[in-house]
Amino acid sequence: MASAPAPAPADLPPWLQGLNPPQRDAVLTTEGPVLILAGAGTGKTKALTSRLAHIVFSRLAWPSEILAVTFTNRAAREMRHRMEVLVGDLAEGLPFLGTFHSIAARMLRRHAGLVGLDSNFTILDTDDQLRLLKQVVIEAGLDERRWPAKQLAGHIDRWKNRGEIPAEVPPGEAMSFGEGQANGAKLYARYQERLRALNAADFGDLLLHMLTIFTEAPDVLADYQRRFKYIMVDEYQDTNVAQYRWLTLLAGARHNIACVGDDDQSIYSWRGAEVANILRFERDFPGAKVIRLEQNYRSTSHILAAANGLIAHNKGRLGKQLFTAGSAGEKIAVIGVWDGPEEARLIGDHAERRAREGASLNQMAILVRAQFQTRELEDRFIGIGLPYRIVGGFRFYERAEVRDALAYLRLIVSPNDALAFERIVNVPKRGLGDKAMAALHAAARSMDRPLPRAAEAIVETPALSPAARRSLKTLVMDLDRWRALAETTPHPELARIVLEESGYVAMWQADKSAEAQGRLDNLIELTRAMEDYPSLTGFLEHVSLVMDNDASDATEKLTIMTLHAAKGLEFDHVFLAGWEEGVFPSQRALDEGGAKSLEEERRLAYVGITRARRTATITHAANRRVYGQWTAAIPSRFVSELPLDHVEVTSTLSGGPSLWRAALQGEVDPFAHVGRGTGRGPGWERAAGGFGAARNTAPAIDVKASAVSVGLRGRADVKLGARVFHSKFGEGTVIGIEGNKLEIDFPAAGTKRILDSFVEVRP
DNA sequence: TGTTCACGCCTTTTT
DNA sequence: GGCGTGAACA
C-alpha cells in the first residue's frame, strides 16, 4: 500500500489530506502490530482517527468490528466527533469506541453471571467503596484509626490495577495492612465477597472481572477475538497491567493492534500505569512496525526547545527529538513574585492584557500541580471579575446532594441496592438513626435479604419503635409508588417528583446556610441533564462511568486546571503557576518516590509546557500559605533546567529575602542552608507546621533527612527522646516514631498524643 | 436522636 | 485556613 503512487492532494479523501509522510504511514499500515511513538503536538490523535476512518471507509472492517480505546471520556468524545466529520454516517455507532472502563463495563454486563453478578450490577464510586471498606475493616476487628479504610482502598486499587485477585496478592504486600488473619489480602477477599453480595462492582472490578472471565471462559474470549478485527489504543503509555493484559488477550492471534503513545507524557504511574508496557511492545508483538511522529505542529520553536531541554534531564527515555517548522515566537517567561496572591494578580493582569490585545480567554489556561492552588487564583479572578472555569476539582456527580438524589433513583431502578438505601434512609431526617439501622441490619442478616428488602419486612414486626416503624413504612411505600410511577412517567419528571415528595428539596429549602441555594441549583441541573438520556437506566449507567460534565457555555472563560487534566489539550497562552520546590515537584514526590517520581514530575512539567501554542509563562512565589501557615519557598529545580537561550527570567521582587534571590540567580545552593524559623525563642527550631516565613527574614529551609514532615518544605531530624514543644500541650518527649507520625508524651498536660504537625523540636 | 464542639487531617494527580 | 468526624452533651 505504501508503495502505491501518491495521488494528487485533491483526490485524497479528507482523512488523508494534510498528513506528513510518517502520519500517512501510520494511517495506511493496516495489517499487523503498529506502535506509533508520537511526541507532544505531533498530531497523534489525528493520525489515529484518520486510521480509523480509513479502515471504516475502505470497508476493511465494520464499525462494530473495531475496538478503539481511550483513557478519558473527553478523548473518546473527540474521536467520535472527528469520525463523524470525516466519514459521516459510516461512523455511526462505533459501539466499541470508548474508555477502558466503559467498554469493559458493557462487556461485563453481558457476562456478569460468570463472576457471580447480575447483569444489572451497580458500579460503585469511590465514596461507596470507602464506606464499604470501612465496614469491612471494622468487622475484622481492626482499629480504623490505625488502619484507615482509605489506605486499604489504595492497596486494593493497586492490586486490581495489576490484575491480581485476592489469592494472587504477594504475601509481603498482604501484610502491609492490618494484623494477622485480618491482613490486606484477607480483607480484599472479604471486600470482594461483600461486593458480590451487594451485586456491585467497583471501577477496578470492571477490568479485573473481564480478565477472570477471559481466563475461565475461553469461548467468551475467542468470541471477542474473532469479533475485533482492529484494535486501537490511545495514550498507550498510560495503560496499567490489567488494561495491558485485557488488550493483549483481545489482540489474540490477529495481532492487529495499533497503539499510540509518548513515553515522555507518562504521568499516571500513581494510578498503576506502567511505561514498561510501551517499552516492551515490540517484544510482545514480534514484527511490530514502529512509526515515529516527531514534527510538532503546535508550538513555537522557543517553547518546543525549552520543553526538549527540560525533558532531556530524564534518563530512560525512548528518545525523540521534536522539531518544528514554526516561528520562534516569544521566549518562555519565568517570573518570580513575592507570594501567592501576587502570583494570582500577575497572571490575572497578563491574561487581561492578552485579552485586550485580541486573544480569546478560551485560548488561555492556567495549569497547576494540585487543586489547592486554584483557590488563590479564584479569589483574585472573582475580585476583578475575570471569567474563569475550573476543570476537575469537585465534580458535579460527587457532590453530596447529587449523590443523594442519585441514590433515590438507583433505589427505584434496583430495589435491592443496599448502599443507596443506606445513604438516603435518613436523608432527609426521618428519625431512623443508628439504633433503627442496627435493628435493620440485624434483620437483614437473619432474613438473609438485602437491606431494602429487610426494611419492607421489618415494618410489620415489633423490632422497631412505633415511630421508626411508621417512618420506615412511609419510605417503603413511597419507593413502591415511585417504582410504579416510573413505568408511566418520563424520567426527568419522575426525578423531580421523587425529590419533591421525599422531602429532599424541602430539606435544602429549609437550610439557611450559604451553599443551600447552590445545592438546589445542582438538583435542577441534574434533572435537566437527565433529559439527554433515553432512560433512567441509561442515565445511571452514564453517571457511574462518565464523571465529567463539561457544562459548555457561550461566555469566554480562562481555564484553570491541573497539569494532569491538561494532557491532550492545547492553548495559545499557557500560565504555569507555582513552580516551587515542594509544590512542583511536589513534596510527596520528593519524599516518597525517589528519582523515579522526580522524573514523572518532570514529564508533567514537559506536558505543561507543550500545551502552549504561542506563549508560556512560568511563575513562582517566594512565600506561600500552606494549611494557613506562611511558608517560604525556592524556585523549582525545573526552572533552572530550562535552557537559558529560550527563557526570559524576571522577578517582581524588590526587597525580598536575599537567600531566595540568590537562589533564583543560581548563586547559592539553597539546599545547603538550614533555616531558622520563627520558633519559640532561642534554642527552639521550628520543625513542623511550616516555618512561618516572616517578611524580611531569610526563608527557612531544612532538608535534613528524617522522621517528621515539616510543612511542605522539608524535614527535621527527630529522634526518640527528643524534646518538643506543642502550642497546646506544652513541652513533651518523643516516645515513638512511625513514618511521619510522632508519639509524644506531654507530662505537664498529662496526655500522650500521636501528632505529625505543629510541633517544635529542640535540636 | 439531634446538636455542638474540638480535634485532626488535609493538598497530588483520575477512570 | 476549612472541613469532616466523633465524642460529649442536650
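Here is the naming used below: chain letters follow the sequence lines, and residue numbers restart at 1 for every chain. Note: hydrogens, waters and symmetry copies are ignored here, and every other heavy atom, side chains too, is used. Please read these numbers as outputs of a predicted model, since none were measured by experiment.
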Using the salt bridge (Lys or Arg N to Asp or Glu O under 4.0 Å) criterion, which residues pair with A/E164? Sequence neighbours excluded.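 Once residues adjacent in sequence are excluded, the partners of A/E164 under the salt bridge (Lys or Arg N to Asp or Glu O under 4.0 Å) criterion are A/R162.
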Under-3.5 Å N/O pairs linking protein and nucleotides 1-4 of chain B:
unit_1: B/dT1; atom_1: OP2; unit_2: A/K435; atom_2: N; d: 3.2

Taking side-chain hydrogen bond (donor to acceptor under 3.5 Å, both in side chains) as the test, write out the residues that go with A/E401, two or more places apart.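 Per chain and number, A/E401 pairs via side-chain hydrogen bond (donor to acceptor under 3.5 Å, both in side chains) with A/R519, A/N522.
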With sequence neighbours excluded, what pairs up with A/Q135 under the side-chain hydrogen bond (donor to acceptor under 3.5 Å, both in side chains) test?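 Scan of A/Q135 (side-chain hydrogen bond (donor to acceptor under 3.5 Å, both in side chains), adjacent residues dropped) gives A/R194.
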Measure from [atom1] on [X] to [atom2] on [N] and round the result to the nearest Å.
X      : N      : atom1 : atom2 : value
A/N240 : B/dT14 : CG    : C1'   : 12 Å
A/D202 : B/dT15 : CG    : P     : 16 Å
A/K150 : C/dG4  : NZ    : C1'   : 11 Å
A/L124 : B/dT14 : CG    : C1'   : 17 Å
A/F203 : B/dT15 : CZ    : P     : 8 Å
A/R74  : B/dT14 : CZ    : P     : 11 Å
A/W246 : B/dT15 : CH2   : C1'   : 13 Å
A/I267 : B/dT14 : CD1   : P     : 9 Å

Please classify the nucleic acid contact of [X] as base, sugar-phosphate, or nothing, using heavy-atom distances under 4.0 Å.
X      : value
A/F100 : nothing
A/F71  : sugar-phosphate
A/K134 : sugar-phosphate

For A/W270 and B/dT13, is the gap between ring centres under 5.5 Å while the planes differ by less than 30°?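 The ring of A/W270 is stacked on B/dT13.
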Quick check for you: among B/dT11, C/dG1, B/dT13, whose closest atom lies nearest to any side-chain atom of A/R625?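 The answer is C/dG1, which lies nearest to the side chain.
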Which nucleotide in the set B/dT15, B/dT14, B/dT13 lies at the smallest distance from any side-chain heavy atom of A/A565?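 So the side chain of A/A565 is nearest to B/dT14.
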Report the residues that fulfil side-chain contact (heavy atoms from CB on, under 4.5 Å) with A/D404, sequence neighbours left out, ordered by chain and then residue number.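 A/R423, A/V427, A/Y504.
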Could you pick out which residue, A/S102 or A/A589, lies toward the 5' side of DNA chain B when each is mapped onto its nearest nucleotide?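 It is A/A589 whose nearest nucleotide is closer to the 5' end.
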Under 6.0 Å between ring centres, would you say that holds for A/Y188 and A/H155?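 No - the distance between ring centres of A/Y188 and A/H155 does not fall below the 6.0 Å cut-off.
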Taking ring pair (Phe, Tyr, Trp, His ring centres under 6.0 Å) as the definition, give me every residue that meets it alongside A/W579, ordered by chain and number, with sequence neighbours left out.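 Ring pair (Phe, Tyr, Trp, His ring centres under 6.0 Å) list for A/W579, sorted by chain: A/F584.
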Less than 4.0 angstrom between a side-chain N/O of A/T99 and OP1 or OP2 of B/dT14, yes or no?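 Checking A/T99 against B/dT14: no side-chain N or O falls below 4.0 Å of OP1 or OP2.
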If you look at every heavy atom in A/R603 and A/Q265, which pair is closest and at what distance?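 Heavy atoms only, the tightest pair is CD-N, 4.3 Å.
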